[in-house]
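Notes for the one structure printed next.
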Protein chains: 2
Amino acid sequence: MTHSEENYLKAIFHLNKGGAKAVSTNALAGQMDTKPSSVTDMIRRLAEKGVVHYKKYQGVSLTEKGSRLALSVIRKHRLWEVFLVEKLSFNWDEVHEIAEQLEHIKSEQLIDRLDELLGFPQFDPHGDPIPTKDGSLPSGDKQLLSNMPLHSKGICVGVKDSSSAFLKFLDKNNIALGHRIELLEKEEFDNSVFVKVNDAPMHLSYQIASNLYVKKI
Amino acid sequence: MTHSEENYLKAIFHLNKGGAKAVSTNALAGQMDTKPSSVTDMIRRLAEKGVVHYKKYQGVSLTEKGSRLALSVIRKHRLWEVFLVEKLSFNWDEVHEIAEQLEHIKSEQLIDRLDELLGFPQFDPHGDPIPTKDGSLPSGDKQLLSNMPLHSKGICVGVKDSSSAFLKFLDKNNIALGHRIELLEKEEFDNSVFVKVNDAPMHLSYQIASNLYVKKI
DNA sequence: ATTTAAATTTAGACAAATCTAAAAATATGT
DNA sequence: ACATATTTTTAGATTTGTCTAAATTTAAAT
């Protein structure tokens, strides 16, 4: 697979997430920032390689093989994003462009060991789930409080940092597994959040919010 | 610069190392594992971009600009090799192919931070010097004690850390500029080294060894 | 120095990935 | 349902990087 082919597979995968029906040529052209005619050409090549289903005028969708490939590229992208943030101190909003390049590096072993170095993370810095080696996505309904959309509600289901200092803090502030959490406001400046925990309003630092897993309801 | 163009610059740089005269089309074709006619085409493109000097039938050499670019690619290659060995536990003989890909990733910031993460190494896992950000190659004969090959001998010529604490330590242990140093053994576990300083055997921590410059003899 | 050999360049072609402009198929509105 | 609008595909051209085969230039040898 060339870089460009991998990017098309990724785009088809993302556009297909919502509905189960085929992706239109125009939609794909929009996503790829290219012209519909170019998309048609590329789709034909991809169909010949057996990674997409394609019938003229009927849109395109991934085959089993194409889906595996797309997930593998997405896995690489998100693992590299974690690396950039965790190991090289990039901000979560600076890493996308670099990861777009790194995701095309070809070495199974490299990715396995990167995964290990990072402690087998389940989510990338944007809160998106990282596909596993065998191609399954961890359920999206569990995510870090810091990654939840504004005004969403959920149930506290876990912690990322399980140090006793952190758990003690949660205890002191009456935050526990099973408690309801509502995200009221996000502070741009320091990424801290205003929440209600079981109707008790409180202000949590980014430190805290980025270590609490919440299941959306 | 495209990946291919960067690879040509690198190849020209390496073939030029020995003699000062221009690199022949055939030699370059050999290095790049391609045909001489392809090389001619590429050289013309590179000349138009002002990164090589080229006169028909007279061979090719790097301009100032081309040399800077080549060194930058080599720097990336060698830093990634250090990363693969130090952080991902690859063997030194497994990293070349992967580094060939990683060296083309475009981000100044990425390389600067990688350099920092690795502790500003001067040599790659094969012992080749890593060009600095400003494009100078550390001379092969001065290097950190911690980077010296086993059983090599040298003269202490400088320190990296020049804090008084460190200098006091050297004084107390009778290590000074001009003293002979022989590297007897390296401890895998903590990277400490066993050395003889002017025939006096001693055991130095990695802390120490990675702050002492030695000139090979 | 003249011929032969080797190195280098040109000419023409091809695959990948893109574009523009025009044609064909599908969808939409009343 | 029929005309019109939208979407999609085709046709032909371009760029990058490569190739083969032929022509040209430089080097070598007797």
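Lettering of chains follows the sequences in order, A, B, ..., and the numbering in each one begins at 1. We use all heavy atoms of the structure for the numbers below, so side chains are in, but hydrogens, waters and symmetry mates are not.
- Rounded to whole Å, the distance from CG on B/Leu28 to P on D/dG17 is 14 Å.
- Listed by first then second residue, pairs satisfying side chain to side chain donor-acceptor pair (under 3.5 Å) with a partner in residues 19-42 of chain B number zero, not counting sequence neighbours.
- Screening residues 45-55 of chain A for side chain to side chain donor-acceptor pair (under 3.5 Å) gives A/Glu5-A/Lys49 as the qualifying pairs, with residues at least two apart or on separate chains.
- For the pair A/Asn7 CG and C/dA17 C1', the computed distance is 12 Å after rounding to whole Å.
- Base engagement by B/Thr40 is indicated by at least one non-hydrogen atom pair under 4.0 Å involving a base atom.
- Comparing A/Thr2 and B/Val23 along DNA chain C, the residue whose closest nucleotide (by nearest heavy atom) sits nearer the 5' end is B/Val23.
- The distance between atom CD1 of B/Ile43 and atom P of D/dT16, rounded to the nearest whole Å, is 17 Å.
- Looking at residues 96-103 of chain B, you'll see that no heavy atom sits under 4.0 Å from any atom of DNA chain C.
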Next item on the list: Determine, for nucleotides 18-25 of chain C in 5'-to-3' order, which nucleotides have protein heavy atoms under 4.0 Å from the base (write B), from only the sugar-phosphate (write S), or from neither (write -).
Entry: BBB----S
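- Counting to the nearest Å, the P atom of D/dT8 and the OH atom of A/Tyr54 are 10 Å from each other.
- Take B/Asp190 and apply the salt bridge (Lys or Arg N to Asp or Glu O under 4.0 Å) test, not counting sequence neighbours, and it matches no residue.
- Note: CG (A/Asn26) to P (D/dA5) measures 17 Å, nearest angstrom.
- With sequence neighbours excluded, the residues that form a salt bridge (Lys or Arg N to Asp or Glu O under 4.0 Å) with B/Glu103 are B/Lys10.
- Summary of the strand contacts: A/Glu5 and B/Gly59 both lie near DNA chain C, and taking for each the nucleotide with the nearest heavy atom, the more 5' one is attributed to B/Gly59.
- One atom, CD of B/Gln58, and another, C1' of C/dT9, lie 13 Å apart when rounded to the nearest Å.
- Contact annotation: B/Arg44 reaches the phosphate of C/dT10 (side-chain N/O to OP1 or OP2, under 4.0 Å).
- For the 3.5 Å distance criterion, the side chains of A/Asn7 and A/His104 qualify, holding a donor opposite an acceptor.
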